[in-house]
Protein chains: 2
Amino acid sequence: MQQNNASLTQAERTALSDKAMLEAAMALVLEHGPDKTTLAMIGDKAGYSRGLATYRFGSKGGLYDALCKSISRHWLEYLKQGVGDKVGIDAMCAALDTIYKFEQELPDEARALQILYSGAASPSAEYQQTAVGIRRRQKSDVAEWVRRGQDAGQVRDDVIADEVAAQYVAYISGMTYLWMMSPDSFDFSVANEVMKRHLRDSLTAV
Amino acid sequence: MQQNNASLTQAERTALSDKAMLEAAMALVLEHGPDKTTLAMIGDKAGYSRGLATYRFGSKGGLYDALCKSISRHWLEYLKQGVGDKVGIDAMCAALDTIYKFEQELPDEARALQILYSGAASPSAEYQQTAVGIRRRQKSDVAEWVRRGQDAGQVRDDVIADEVAAQYVAYISGMTYLWMMSPDSFDFSVANEVMKRHLRDSLTAV
DNA sequence: AATCACTTGCTTGTTAACAGCAAGTAAAAT
DNA sequence: ATTTTACTTGCTGTTAACAAGCAAGTGATT
């Protein structure tokens with residue numbers, strides 16, 4: 001399929017097939033969901049054999065773990081760019097805007113990530129720890145924003161960073177889930193404005 | 001298995017096997033997740049044949065839809081009892097306490113429901129509409145509490161009931177999900193106290 | 001620079017497990 | 001007694017996973 005390139009190093013071949021497989025997997029997950037997607041479909045769509053997915057990723061769960069990590073990495077980079085070096089309330093508001101922008105610009109990745117994170121709730125999900133780790137990291141990042149905002153005098157001192165971060169991450173998890181499940185019932189941009197106002201009202205130093 | 005009862009009506013037989021199947025399914029979903037649970041395992045655990053689940057519920061997805069509805073019904077009754085005839089902020093706070101109590105008293109049902117709702121994010125989930133409908137109903141119930149609280153003069157008039165309800169339901173969805181994924185990272189009772197304080201601070205009429 | 005030993009990427013053959021269906025049996029209703 | 005309903009068993013196509021094989025790339029020796 002891809003041997004029109006006269007000659008590739010082993011590393012290049014792997015990188016190429018890896019990318020093709022993960023892209024195919026994402027498209028098929030969006031269309032059919034993780035469980036109705038078969039390894040044969042993925043291999044076929046990627047332009048390889050039905051056996052490559054298992055060979056490369058060990059198992060179906062292993063492939064989804066890799067996909068989860070791959071999209072998460074991209075998302076975390078995107079978020080980092082959107083937030084920049086802001087801290088405190090500014091960082092939290094910028095993150096909300098970045099989430100919305102990500103959903104608008106890269107709806108496929110956003111949706112696929114949401115499906116995978118949701119699937120991680122199942123006891124059989126092999127990427128459960130991956131999903132948990134990312135949520136945990138997001139929470140600690142937010143807590144750090146709050147602490148730095150407090151140091152900078154922007155955020156009031158009597159709030160507890162970890163508590164604020166837990167509420168914030170819970171809100172985001174729930175809102176992205178609900179919005180994906182029924183976009184017509186939940187207006188994301190309005191919700192974001194409400195949330196930003198709330199953050200300013202409740203966290204700004206007196 | 002259950003024919004020690006001399007004679008049962010057809011309706012009784014169905015009710016009995018229905019209950020046994022759903023209970024078995026719930027236990028197995030908690031242990032192995034929906035996709036690694038097989039219909040044969042469910043029939044076996046319930047004390048019937050491997051074929052009954054398909055016969056009764058049409059398909060694996062149909063069974064999970066029934067399970068989702070069954071646990072949801074119980075949960076909604078439990079919630080109704082916990083909230084009583086409260087409205088406004090009181091109802092929203094009572095609902096938070098009831099959620100916590102449900103998780104403490106009936107952790108299996110709470111966890112199974114969470115797994116099923118999460119699985120509904122997959123495009124292949126046959127109970128997607130069931131899950132969406134319940135979330136939608138919860139949101140409109142909350143909006144109604146807010147409106148009645150406004151009528152009673154407890155809740156400030158300048159908040160928009162639908163917006164408040166969306167935020168509230170999003171927060172609950174996210175918190176229950178995160179708490180199930182890593183109970184050690186999210187302190188549910190502390191989060192509830194924080195949330196209740198926030199509700200009072202931001203919604204109480206001036 | 002040409003060959004050869006070896007490794008790595010990928011494919012194909014195979015198997016056990018699975019969901020779903022159809023045809024059957026047993027139990028209750030009429 | 002006959003019909004209807006609850007449930008079981010036999011069967012088939014599909015699937016994930018594994019193993020054995022093939023082909024392409026790599027690196028050392030000459």
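All chains are named by letter (A, B, ...) in the order of the sequence lines, taking the proteins before the strands, and each is independently numbered beginning at 1.
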*Asks:* For Arg148(B), is the CZ atom crowded, meaning more than 12 foreign heavy atoms sit under 6.0 Å from it?
*Replies:* no
*Asks:* Residues of residues 32-45 of chain B with any non-hydrogen atom less than 4.0 angstrom from an atom of DNA chain C: list those, numerically ordered, please.
*Replies:*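 Residues of residues 32-45 of chain B under 4.0 Å from DNA chain C: Thr37(B), Thr38(B), Leu39(B).
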*Asks:* Would you mind telling me which of dT8(D), dG20(C), dG13(C) lies closest to the side-chain atoms of Arg50(A)?
*Replies:* dG13(C)
*Asks:* After noting the C-alpha distance and the side-chain angles of Ser118(A) and Tyr177(B), does the key distance pass the side-chain hydrogen bond (donor to acceptor under 3.5 Å, both in side chains) rule?
*Replies:* CA-CA 9 Å; Ser118(A) 295; Tyr177(B) 168 80; 5.9 Å; no
*Asks:* Take the protein atom CZ of Phe57(A) and the nucleotide atom C1' of dG9(C), then report the distance between them rounded to whole Å.
*Replies:* 13 Å
*Asks:* Rounding to a whole Å, what distance do you find between Glu12(A):CD and dT8(C):P?
*Replies:* 17 Å
*Asks:* Do you know the tightest heavy-atom contact between Val194(A) and Glu163(B)?
*Replies:* CG2-OE1, 3.2 Å
*Asks:* Taking atom CD1 of Ile134(A) and atom CG of Leu113(A), what is their separation to the nearest 0.5 Å?
*Replies:*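 Interatomic distance, Ile134(A) CD1 to Leu113(A) CG, rounded to 0.5 Å: 7.0 Å.
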*Asks:* Roughly how far, to the nearest 0.5 Å, is CG of Leu203(A) from CE of Met92(A)?
*Replies:*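 Going from CE on Met92(A) over to CG on Leu203(A), the span is 5.5 Å.
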*Asks:* Supply the atom-to-atom distance Thr98(A) OG1 to Glu105(A) CD, rounded to the nearest 0.5 angstrom.
*Replies:* 10.0 Å
*Asks:* Considering only dA17(D), dT8(D), dG20(C), which nucleotide approaches the side chain of Thr54(A) most closely?
*Replies:*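 Shortest atom-to-atom distance from the side chain points to dA17(D).
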*Asks:* Could you tell me whether the side chain of Thr204(A) reaches within less than 4.5 Å of the side chain of Gln154(A), counting heavy atoms only?
*Replies:* no
*Asks:* Between N or O atoms, less than 3.5 Å apart, protein on one side and nucleotides 2-6 of chain D on the other: list the pairs.
*Replies:*
unit_1	atom_1	unit_2	atom_2	d
dA6(D)	OP1	Thr14(B)	OG1	3.2
dA6(D)	O4'	Arg13(B)	NH2	3.1

*Asks:* In a check of ring-ring contact (aromatic ring centres under 6.0 Å, His included) between Trp179(B) and each of Phe186(B), Phe188(B), Tyr171(B), which one passes?
*Replies:*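 Output: one option passes, namely Phe188(B).
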